[in-house]
Structures are given as C-alpha cells and as structure tokens.
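Quick notes on the structure that follows.
Just so it is clear, the model here is predicted, and its values are computed rather than measured.
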Amino acid sequence: QVQLVESGGGLVQAGGSLRLSCAASGSIFRVNGMGWYRRAPGQRRELVAFITSNGSTNFADSVKGRFTISRDNAKNTVYLQMSSLKPEDTAVYYCNAEVMPIASAVRYNYWGQGTQVTVSS
C-alpha cells in the first residue's frame, strides 16, 4: 500500500507565498515522476508542475517564473514553492506520483487527498 500525504495549503493574500509538501510512504521500491495538479471550482484539473526522478521539470505557462518544484528522493517527497500568488491560483492542489511498489513489476499512479490553497485579493 502506498500513500501520498500533502501539507502546506492555506489562505494567503495576493502576492504572498506558500510551500506545499507531499510525502510518499508505504511499500515503495521506486518513485518516478512526481507532480502537482490543481482543480479550481467549476474547472477541470490541470497540471501545475512536474519533476522527473533525475530533476527535470515542467511547468504550466500560468505559473512559470512564480512556482518552483523540487524533490528529496531520500524522503520520497516533492515540494511546490509558490510565490507571487494570484487569486486565480485558488484551487485544490493534488500531488501525484508514479510509484513502483515493492515486489511489483508494474508502476502505478497515486494521488494525494488534496490541499486547499486560497489566495485573497
């Protein structure tokens, strides 16, 4: 069993910063790509940022230059540093990871429970 647990969401004023964390735990052999997605009210879930196991990153155009993603492979943890936040960044943020469990030859996608980020104007 593998779990992803997110933390760090909350309420912040426009222009402020927040840092999200997501830790993968359980019967893990290897964690491959890890990413953050978000879903704003009435909208579809969208990719925010992604990082591969060797550190290559990809960002949505809407967050480039404001958000950074990093990971600690020893802790199976991914971080999303969000700066210069805007009201349109308000959403539930979900962590995603591709994991190969112990004693498995198959990789699976796992999701966190989501953490609310609210940016006030």
Side-chain angles (χ1 to χ4, degrees):
Q1 191 74 4
V2 175
Q3 300 86 33
L4 300 184
V5 178
E6 300 138 339
S7 61
L11 173 65
V12 64
Q13 288 188 331
S17 299
L18 280 176
R19 187 193 196 208
L20 306 183
S21 300
C22 172
S25 63
S27 301
I28 297 171
F29 175 72
R30 182 172 63 238
V31 179
N32 296 323
M34 304 184 80
W36 290 94
Y37 291 73
R38 68 186 180 188
R39 177 178 285 158
Q43 298 187 21
R44 301 177 67 177
R45 186 172 58 193
E46 63 173 355
L47 173 67
V48 176
F50 184 84
I51 184 167
T52 65
S53 56
N54 63 8
S56 297
T57 59
N58 186 40
F59 296 90
D61 288 342
S62 59
V63 306
K64 284 181 180 177
R66 300 188 297 121
F67 292 10
T68 59
I69 188 170
S70 60
R71 62 189 287 171
D72 184 334
N73 290 333
K75 297 180 179 180
N76 290 328
T77 298
V78 63
Y79 307 95
L80 184 69
Q81 178 67 48
M82 305 183 292
S83 303
S84 301
L85 282 161
K86 304 175 181 179
E88 50 263 45
D89 294 317
T90 295
V92 178
Y93 284 70
Y94 297 91
C95 173
N96 173 266
E98 185 184 78
V99 178
M100 181 175 286
I102 293 172
S104 172
V106 180
R107 295 168 291 182
Y108 297 92
N109 254 305
Y110 292 91
W111 292 90
Q113 79 283 1
T115 185
Q116 177 70 46
V117 171
T118 302
V119 184
S120 63
S121 57

| message | Distance check, rounded to the nearest 0.5 Å: S7 atom OG versus Y79 atom OH? | response | 9.0 Å

| field | Non-hydrogen atoms of M82 and V117 that approach each other most closely | value | CE-CG2, 3.9 Å

| field | Approximate separation, where rounding is to 0.5 Å, of I51 CD1 and S70 OG | value | 6.5 Å

| note | Heavy atoms of Y110 and L4 approach each other most closely as O-CD1, 3.2 Å

| Is there a path from F29 to V106 through hydrophobic residues (I, L, V, M, F, W, Y) whose side chains come within less than 4.5 Å of each other? | no

| request: Kindly indicate whether the side chain of R71, heavy atoms from C-beta on, has any atom under 4.5 Å from the side chain of S53. | output: yes

| message | Check D61 with K64, please: is the shortest side-chain N to carboxylate O separation under 4.0 Å? | response | yes

| How long is the gap from CG on D89 to OG on S62, to the nearest 0.5 Å? | 7.0 Å

| said: Quick one, N73 and V31 - any side-chain contact, counting heavy atoms below 4.5 Å? | reply: no

| query | Do V2 and I28 have side-chain heavy atoms sitting under 4.5 Å apart? | reply | yes

| query | Do Q113 and E6 have side-chain heavy atoms sitting under 4.5 Å apart? | reply | yes

| query | How about V48 and F59: do any of their side-chain heavy atoms sit closer than 4.5 Å? | reply | no

| query | Which other residues belong to the hydrophobic cluster containing V92, where Ile, Leu, Val, Met, Phe, Trp and Tyr are joined when side-chain heavy atoms lie under 4.5 Å apart, directly or via other members? | reply | Y37, L47, F50, Y94, W111

| said: Any non-hydrogen side-chain atom of N96 less than 4.5 Å from a side-chain atom of W36? | reply: no

| message | Checking side-chain polar atoms at under 3.5 Å, does Q116 have a donor or acceptor matched by the opposite partner on T118? | response | yes

| query | Say you draw a straight line from CG of L85 to OG of S120; how long is it, rounded to the nearest 0.5 Å? | reply | 10.0 Å

| Rounded to the nearest 0.5 Å, what separation is found between the CD1 atom of I69 and the SG atom of C22? | 9.5 Å

| query | Is there a donor-acceptor pair closer than 3.5 Å between any side-chain N or O of T90 and the backbone N or O of P87? | reply | yes

| Going through the checks in order, is the salt bridge (charged side-chain N to carboxylate O under 4.0 Å, His left out) test met by E46 and R39? | CA-CA 6 Å; E46 63 173 355; R39 177 178 285 158; over 6 Å; no

| field | C95 side, atom SG; M34 side, atom CE - distance, nearest 0.5 Å | value | 5.0 Å

| said: How close do A91 and Y93 get, counting heavy atoms only, and between which atoms? | reply: O-CD1, 3.4 Å

| query | More than 12 foreign heavy atoms under 6.0 Å from CZ of R66: is that the case here? | reply | yes

| request: For residues S83 and F67, determine if any side-chain heavy atom of one lies less than 4.5 Å from a side-chain heavy atom of the other. | output: no

